[in-house]
Amino acid sequence: MKEKELRRTLAVLPIGTVIKLTDLTARQIRYYEEQGLVTPKRNKGNQRMYSLNDVDRLLEIKDYLADGMNIAGIKYVYQQQQADQQAQKQRPVTDDDVRRILHDELLAAGGLDHHDQRASLYHQNPKK
DNA sequence: ATTCTTACA
DNA sequence: TGTAAGCA
């Protein structure tokens, strides 16, 4: 069950393929990288090479955006995820931790406060 | 042919 | 975000 995960991290896809797989524009994909949401490798010619995990990450970002979350909110989710993973390596996770983590992520995903979107720093500003 | 960076009628 | 320009 380790073999498949390894291949999933292999950066073998050029941006052109990623564009077809995600329906995102090169502009968007590169912008998300600038925001630290994805970190593709680079080949000898300085061209970005993506892994299957990168593609999944991009599709996830696309969904979050479609659900009204902004870059800051997505950054928060991933930052929180790595923080959780880091803490999990030091101390065994308790049931309470799991509940808190799930709650935080759902909140960041905008699934709980559909009332005052404009008040949240983690939502897109609907330019009416 | 593709991708990269930079800049902005 | 789109798009044009000039390279690699």
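Chain letters run A, B, ... following the sequence lines, proteins first and then strands; every chain starts at 1. Because the structure is predicted, anything quoted here is derived from the model rather than measured.
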Exercise. Between atom CD1 of A:I19 and atom CG of A:L13, what is the distance when rounded to the nearest 0.5 Å?
Worked result: 12.0 Å
Problem set entry | Within residues 27-56 of chain A: residues closer than 4.0 Å to DNA chain C (heavy atoms) | A:R27, A:Q28, A:Y32
For this session: Check step by step if salt bridge (charged side-chain N to carboxylate O under 4.0 Å, His left out) holds for A:D54 and A:R57.
Result: CA-CA 5 Å; A:D54 290 329; A:R57 167 65 64 92; over 6 Å; no
Exercise. Distance-only, no hydrogens or angles: does the A:D67 side chain make a donor-acceptor pair with backbone N or O of A:Y64 under 3.5 Å?
Worked result: no
For this session: Quick one: do A:V18 and A:R48 satisfy side-chain contact (heavy atoms from CB on, under 4.5 Å)? Show the steps, please.
Result: CA-CA 10 Å; A:V18 177; A:R48 274 164 268 247; over 6 Å; no
For this session: Show your working on side-chain contact (heavy atoms from CB on, under 4.5 Å) between A:I74 and A:Y32 and close with a plain yes or no.
Result: CA-CA 10 Å; A:I74 299 173; A:Y32 302 153; over 6 Å; no
Exercise. Does one hydrophobic cluster hold both A:Y78 and A:M69, with members joined at side-chain heavy-atom distances below 4.5 Å?
Worked result: yes
Exercise. Mind checking whether A:V12 and A:Y50 sit in one hydrophobic cluster, side chains of I, L, V, M, F, W, Y counted as touching below 4.5 Å?
Worked result: yes
Exercise. How long is the line joining CG of A:L24 and P of B:dT3, in whole Å?
Worked result: 14 Å
Seminar exercise, completed: Its dot-bracket string being built from Watson-Crick and G-U pairs below 3.5 Å, with | for another strand and [ ] for crossing, DNA chain B has the pattern .|.|||||.
For this session: Would you mind reading off the distance between A:I15 atom CD1 and C:dA8 atom C1', rounded to a whole angstrom?
Result: 16 Å
For this session: Given salt bridge (charged side-chain N to carboxylate O under 4.0 Å, His left out), test A:R30 with A:E34 step by step and report yes or no.
Result: CA-CA 6 Å; A:R30 293 178 186 132; A:E34 269 184 25; over 6 Å; no
